[in-house]
Engineer: 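A single structure is presented below for examination.
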Amino acid sequence: MEEKYSAQKIEKKWQNRWAAKGIFETRIDQTKEKFYCLEMLPYPSGRLHMGHVRNYSIGDALSWYKRLQGLNVLHPIGWDSFGQPAEQAAIQKGVNPRDWTEDNINQMREQLRRLGISYDWSREIAAHRPEFYKFDQWFFLKMLEMGLAYRKDSQVNWCPKCETTLSNEQASGGVCWRCGTRVEKQTRQQWFLRITDYAEELLGGMNQIEGGWPERVLTMQKNWIGRSEGAFIDFAVTHTDQKVRVFTTRIDTIYGANAIVVAPEHPVIENNLDDLAPEVIARIQEIQMEQAQPTDYGEEIAKDGVDTGLKAVNPFSSEELPVWVGNYVMIDYGTGAVMSVPAHDERDFEFAKKFGLPIRQVISEPHLVHEHQQMQALALEEAFTEEGILVHSDYWNGKKSRDAKREMAQFAEKHDFGDSAVTYRLRDWGISRQRFWGAPIPIIYCETCGAVPVPFEELPVELPESAPFTGVGESPLAKVPDFVNAPCPQCGGAGQRETDTMDTFVDSAWYYFRYLDPDNRMMPFDPEVAGYWTPVEQYIGGVDHAVMHLLYTRFWTKVMRDMGLVKFDEPVKNLLTQGMVVGESYYSEEHAGYVPQDEVRIERDEKGKITKANLKSDNSPIKVAVEKMSKSKFNGVDPDDMVLEYGADAVRIFALFAAPVENELVWMETGIDGAVRFLQRVYRYFYRWHEHLQNAPSSEPDEFSEGARKLRQKTHQTIKRITENFESGQFNTPVAGLMELSNAMGDFKIEPSEAETGDLFAVREAVESLILMLTPYAPHICEELWEILTGSEEGILTSNARFPVADPDWARADELEIPVQVNGKLRSRVKASPDATNGELEELALADEKIREYTDGKQIVKVIVVPKRLVNVVIK
RNA sequence: GCUGGGGUGGCGGAAUAGGUAGACGCACAGGACUUAAAAUCCUGUGUCCCUUGUGGACGUGCGGGUUCGAUUCCCGCCCUCAGCACCA
């Protein structure tokens, strides 16, 4: 054994040994309990960032912990390798997206190896490889058969200058990210998946995962699905046989309706164009344009609208109402039409105020009902949006909102002009992307047969080797005639392939099922294999995927269940959303920009608090902030540099110790020093003892010195505590426990050469326990120490070592210090045996000298004894 | 605006079926070792007060409440982070 700890040497040695032996490759074993530990797969950008390191350190710690408990752990990784950056690189640098992607994957795989993450590399997958995306296409065709995939007109962001479609992110602020041109909305035929068919189940299924998923993720999904209960009501358009159907959650307010407001695209406009004045049509077009302008968060557009001149009849009151077009009504929510009740809806109120429409209050607060019934008109300052008692509503007067809602919906249903209804905010999932670097949608358009699915046996529809990447015009795929032209599978006539590719969220919706059976050529995976490995016990990733990815994958699972591929409803039992990794940044207002740390001089007070920060060059003040790591802010750190400098073990310990996993993690170099120091302490201690520990007895001796007893107690207490911590999903507190154990080992001051049998046993037990419990955090050093300790090259897993189990007798304290309070204030402590009865504890407390000072001459009202914890003497 | 988190030392954070607040680490200060430095080891470190002790008071965002006892439970605020947002 070398005297000095060299992280580089040890880590390299074990990474090579693990790889050579395929230690982490996993097979189905029906005799063992399985554990599927999954981390969100990375996009192969080329460099790992600290967020990845944190994510994979968490997953790896958990995988090791479960392996050491004897579970059959599946811990795979792959690449989310379709997507825009590869195509962008092709446009800007002229490289082939495939080559660019593969290069990046190779680099990042090496980085992951250097971190020593225990992946089963034999299961590695990548979305851009035909073996994988073949099954994106397979699923698409299946969903087409099931009626879950369909095509319809939909709007996309379009930059007229670049002649290309843009994603919402690329069109943020309403301008093209590349050229700054104002983005237009364009209507295209796009493919959709009917996720809305599963809206109710996606909502209801949440009770199966409650407790295992963070509350906020479930809430976000709930909000996203946006279930809303109400009613559809038909308003007949006068002089026509048409009806306008509105959706409302407040049917009880219907007597207060002053107008019907429809979205500009509403069919009632199209159907009655002849009856509309030309200036009205012009206004409607204007309003539609306004509405189509993308807006930033928080930006509210002023209400605008126009009276179409059409009239519709309120089926409850028989009142004739004007039909307006309004910019605040959206075609794709509800029915694209609302009844405007200004007295009881803020938006309608604002609209009515602006256009001078009548405002009638029909819901009253209970104590004002009488007053409201007397008065014809009331001047409302603002909309009254709460529920109450109906007034000015004919037959329904005096009813409570809640009852009226139900009864009025039933009435509408009975008289055939309405229905109770549930609507959702959730839209069907549009998967068409006008991009090259994605899975081609397997459809051929034929003039005679229409949109024809590519037969299953012809899958995959492969991407061409290359395409003209100009960044302008249509999708590059459309410019590859060999790809586009294909015979119609139905009639054999000339056909053209769909040139849109699939949203990359399709890949991520099911990728982790492919790990189970990555070489299957016929099916995405064998259902029997999936029956063993899935569902996922623990999924770990960023909270930024709380809605889209995690909702899509839940949807996909339910579809797979309906296909008979899996037998459960929810794919992920437990979800852990880790916090962001942030760094300290330095902003100079003087120079209007961020500056690197080494250009800043920081002064601290005697406690270490920053008192002053100035630029070294010109002494101008600097603002110190903690922000998400980024190159432009000079506050990022490269994981590779860190690993090179401190070693993977230390980097991983710090990533897990510095903060609870769901919190933000502030990356500090001084913090990582602490992790290095800890590892060195462990190594030094081990070095000092390792030869002597070979003489330690294998069975428990009868006698122990006082120091050995103390050490054994601490060892078993630590095992107990760390096991509990792991079980409750804590990753930072076990490190603290290990440090305490290591400190206790140091406190047992005894020369190894003078150690008695009992001492040797106690130290060896502590060392073994420490190594095994530290393995999930720092596997390299632990493997090394284990090899030296046991003399076996097999490694911790192969030698079937197990996570230590606490002996309750040793974990039990032999003497307790019981705090004694007088009237709730801590006044003294007494020593007591853990077996002391409440009566004995009370006696001890009252006999205590300091307590007697307080109780002398006072009346003791009562004494509260909390077994093993505390005594409180209440005096008067 | 709606929804959901979160406010504990100089910092990251421990501790909640109500029971010693501040574990562990960082930073800082002092000491040992050293010709010196680094490394290492030891000690101290919530605030305030005094008669410097095995002392006292205060202290978990603020104000109330319940309780022998509240960081933990209840009520009302303030601040902050995140997601969503003209959703009818």
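Keep in mind it's a predicted model, so treat the numbers as computed, not measured. Values reported hereafter were calculated over all heavy atoms of this structure, with side chains retained and with hydrogens, waters and symmetry mates removed. Within every chain, numbering begins at 1; the chains are lettered A, B, ... in the order of the sequence lines, protein sequences first and strands thereafter.
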Engineer: Where the side chain of A:A736 is concerned, which of B:A88, B:A23, B:C26 is the nearest nucleotide?
Structural biologist: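 Selected nucleotide: B:A23.
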
Engineer: So that I can tick it off, tell me whether A:K405 and A:E229 are bridged by a salt bridge, with the cut-off set at under 4.0 angstrom between side-chain N and carboxylate O.
Structural biologist: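 Judged by the 4.0 Å cut-off on N to carboxylate O distance, A:E229 and A:K405 do not form a salt bridge.
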
Engineer: Report yes if at least one side-chain N or O of A:Q717 is closer than 4.0 Å to OP1 or OP2 of B:A23; otherwise report no.
Structural biologist: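 No.
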
Engineer: Compare the minimum distances between each of B:G13, B:C86, B:U40 and the side chain of A:N732, then state the nucleotide with the smallest one.
Structural biologist: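 Nearest to the side chain of A:N732 among the choices is B:G13.
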
Engineer: Side chain of A:F657 only, heavy atoms from C-beta on: which candidate in B:G25, B:C86, B:U20 is closest?
Structural biologist: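 Ranking B:G25, B:C86, B:U20 by closest atom to the A:F657 side chain puts B:G25 first.
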
Engineer: Just compare B:U3, B:C86, B:C24 and give me whichever is closest to any side-chain atom of A:E740.
Structural biologist: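 Selected nucleotide (nearest to the side chain): B:C24.
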
Engineer: Taking the nucleotide of RNA chain B with the nearest heavy atom to each, does A:R681 or A:L665 sit closer to the 5' end?
Structural biologist: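 The residue closer to the strand's 5' end, by nearest nucleotide, is A:L665.
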
Engineer: Using purine N1 to pyrimidine N3 plus N6-O4 or O6-N4 for Watson-Crick, or N1-O2 and O6-N3 for G-U wobble, each under 3.5 Å, what pairs with B:G83?
Structural biologist: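 Because both required distances fall under 3.5 Å, B:G83 counts as paired with B:C2.
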
Engineer: Would you measure the distance from the P atom in B:C73 across to the matching atom in B:G19 and give it in whole Å?
Structural biologist: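 Their P atoms lie roughly 10 Å apart.
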
Engineer: Could you list, one pair per line, each protein nitrogen or oxygen that sits under 3.5 Å from a nitrogen or oxygen of nucleotides 63-68 of chain B, together with the distance?
Structural biologist:
| residue | atom | partner | partner atom | Å |
| --- | --- | --- | --- | --- |
| B:C68 | O2 | A:N872 | ND2 | 2.3 |

Engineer: If you check the A:W224 side chain, which of B:C41, B:C84, B:C24 turns out closest?
Structural biologist: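 Among the listed nucleotides, the one closest to the side chain of A:W224 is B:C84.
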
Engineer: Pick base, sugar-phosphate or nothing for A:D348, based on heavy-atom distances below 4.0 Å to the nucleic acid.
Structural biologist: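 Contact class for A:D348: none.
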
Engineer: Suppose we define a pair by two distances each less than 3.5 Å, Watson-Crick or G-U wobble; what does B:A57 pair with here?
Structural biologist: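 For B:A57, the partner nucleotide comes out as B:U47, under the 3.5 Å rule.
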
Engineer: Salt bridge or not between A:D848 and A:K850? Use side-chain N to carboxylate O under 4.0 Å.
Structural biologist: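 So A:D848 does not pair with A:K850 through a salt bridge.
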
Engineer: Strictly distance-based, threshold 3.5 Å: is any side-chain N or O of A:R427 a donor or acceptor partner for the main-chain N or O of A:D332?
Structural biologist: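 Yes, A:R427 side chain to A:D332 backbone: donor-acceptor pair under 3.5 Å.
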
Engineer: Give me the distance, rounded to whole Å, that separates B:C81 from B:U8 when you measure between the P atoms they each carry.
Structural biologist: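 It works out to 14 Å between them.
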
Engineer: State which of B:C86, B:A15, B:G19 makes the closest approach to the side chain of A:Q730.
Structural biologist: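 Out of B:C86, B:A15, B:G19, the nucleotide with an atom closest to A:Q730's side chain is B:A15.
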
Engineer: Using a 6.0 Å cut-off, check whether atom CZ of A:R869 has over 12 heavy atoms from anything other than its own residue.
Structural biologist: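 Result for CZ/A:R869: open.
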
Engineer: Closest approach to the side chain of A:R347, judged atom by atom: which nucleotide of B:C26, B:C87, B:C24 is it?
Structural biologist: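 So the side chain of A:R347 is nearest to B:C87.
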
Engineer: How far, in whole Å, is B:G69 from B:A14 if one measures between their P atoms?
Structural biologist: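 29 Å, rounded to whole Å.
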
Engineer: Report yes if a side-chain nitrogen or oxygen of A:R869 is closer than 4.0 Å to either non-bridging phosphate oxygen (OP1 or OP2) of B:A17; otherwise report no.
Structural biologist: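 So the side-chain polar atoms of A:R869 never come under 4.0 Å of the phosphate oxygens OP1 or OP2 of B:A17.
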
Engineer: Just to be sure I understand the rule, does A:P214 reach a base, reach only the sugar-phosphate, or reach nothing, if contact means heavy atoms closer than 4.0 Å?
Structural biologist: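 A:P214: no heavy atom of the nucleic acid under 4.0 Å.
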
Engineer: Compute whether any side-chain donor of one residue and acceptor of the other, for A:N823 and A:Y854, lie under 3.5 angstrom apart.
Structural biologist: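 Absent: no donor and acceptor within the cut-off.
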
Engineer: Can A:K303 be said to sit on top of A:F351's aromatic six-ring, NZ or CZ under 6.0 Å from centre and within 45° of the ring axis?
Structural biologist: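 Ring-cation test returns no.
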
Engineer: Just to confirm, is there a sub-4.0 Å distance from OP1 or OP2 of B:G25 to any side-chain nitrogen or oxygen of A:N743?
Structural biologist: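 Yes, such a contact exists.
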
Engineer: For B:A88, does either OP1 or OP2 sit under 4.0 Å from a side-chain N or O belonging to A:S340?
Structural biologist: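 The answer is no; no side-chain N or O of A:S340 sits under 4.0 Å from OP1 or OP2.
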
Engineer: When you measure from the side chain of A:T219, which nucleotide among B:G4, B:C26, B:C86 comes out closest?
Structural biologist: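 For the A:T219 side chain, the nearest candidate turns out to be B:G4.
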
Engineer: When both hydrogen-bonding distances must be under 3.5 Å and the geometry is Watson-Crick or G-U wobble, what is B:A38 paired with, if anything?
Structural biologist: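 Paired with B:A38, as far as the under-3.5 Å criterion goes, is no nucleotide at all.
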
Engineer: Between A:R677 and B:A39, does any side-chain N or O lie under 4.0 Å from OP1 or OP2?
Structural biologist: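 Answer no for this pair, as no side-chain N or O of A:R677 is under 4.0 Å from OP1 or OP2.
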
Engineer: If pairing requires Watson-Crick or G-U wobble contacts with both distances under 3.5 Å, which nucleotide is the partner of B:A21?
Structural biologist: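 The base-pairing partner of B:A21, which may sit in any strand shown, does not exist here.
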
Engineer: Quick check, are the ring centers of A:F417 and A:F316 under 6.0 angstrom apart?
Structural biologist: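 Yes, close enough.
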
Engineer: Salt bridge between A:K354 and A:E350, side-chain N to carboxylate O under 4.0 Å?
Structural biologist: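 Salt bridge between A:K354 and A:E350, a charged N being under 4.0 Å from a carboxylate O: no.
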
Engineer: Using every non-hydrogen atom in the two residues, find where A:T715 and A:S769 come nearest and quote the distance to one decimal.
Structural biologist: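 Smallest heavy-atom distance, with atoms named: CG2-OG, 3.6 Å.
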
Engineer: If I pick the P atom on B:U71 and the same atom on B:G18, what distance separates them, to the nearest angstrom?
Structural biologist: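 Result for the P pair: 14 Å, nearest Å.
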
Engineer: Rounded to the nearest angstrom, tell me the gap between atom CD in A:E215 and atom P in B:G6.
Structural biologist: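 Nearest whole value for this atom pair: 10 Å.
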
Engineer: How do A:G674 and A:V666 order along RNA chain B: which one's closest nucleotide is nearer the 5' end?
Structural biologist: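 The 5'-side residue here is A:V666.
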
Engineer: Could you give the distance separating B:C24 and B:G9 at their C1' atoms, to the nearest angstrom?
Structural biologist: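 Here B:G9 and B:C24 have their C1' atoms 14 Å from each other.
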
Engineer: Using atom P of each nucleotide, how far apart are B:C77 and B:U3 to the nearest Å?
Structural biologist: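 Going atom to atom, P in each nucleotide, I get 14 Å.
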
Engineer: Got a list of protein N/O to nucleotides 51-59 of chain B N/O distances below 3.5 Å?
Structural biologist:
| residue | atom | partner | partner atom | Å |
| --- | --- | --- | --- | --- |
| B:G56 | OP1 | A:Y854 | OH | 3.2 |
| B:A57 | OP1 | A:R827 | NH2 | 3.4 |
| B:A57 | OP2 | A:R827 | NH1 | 3.4 |
| B:C58 | OP2 | A:K825 | NZ | 2.8 |

Engineer: Between B:A29 and B:U35, how many Å separate the two P atoms, rounded to a whole number?
Structural biologist: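 Taking atom P in both B:A29 and B:U35, they lie 24 Å apart.
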
Engineer: Quick test of your reading of the model: are A:K714 and A:E740 salt-bridged, counting only N-O distances below 4.0 Å?
Structural biologist: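 Yes, A:K714 and A:E740 are salt-bridged.
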
Engineer: Categorize A:E669 for me: base, sugar-phosphate, or nothing, with a 4.0 angstrom heavy-atom threshold over every strand shown.
Structural biologist: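 The answer is nothing, as A:E669 stays clear of every strand by at least 4.0 Å.
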
Engineer: Select one nucleotide: of B:A23, B:C87, B:U20, the one nearest the side-chain heavy atoms of A:R721.
Structural biologist: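 Of the candidates, B:A23 comes closest.
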
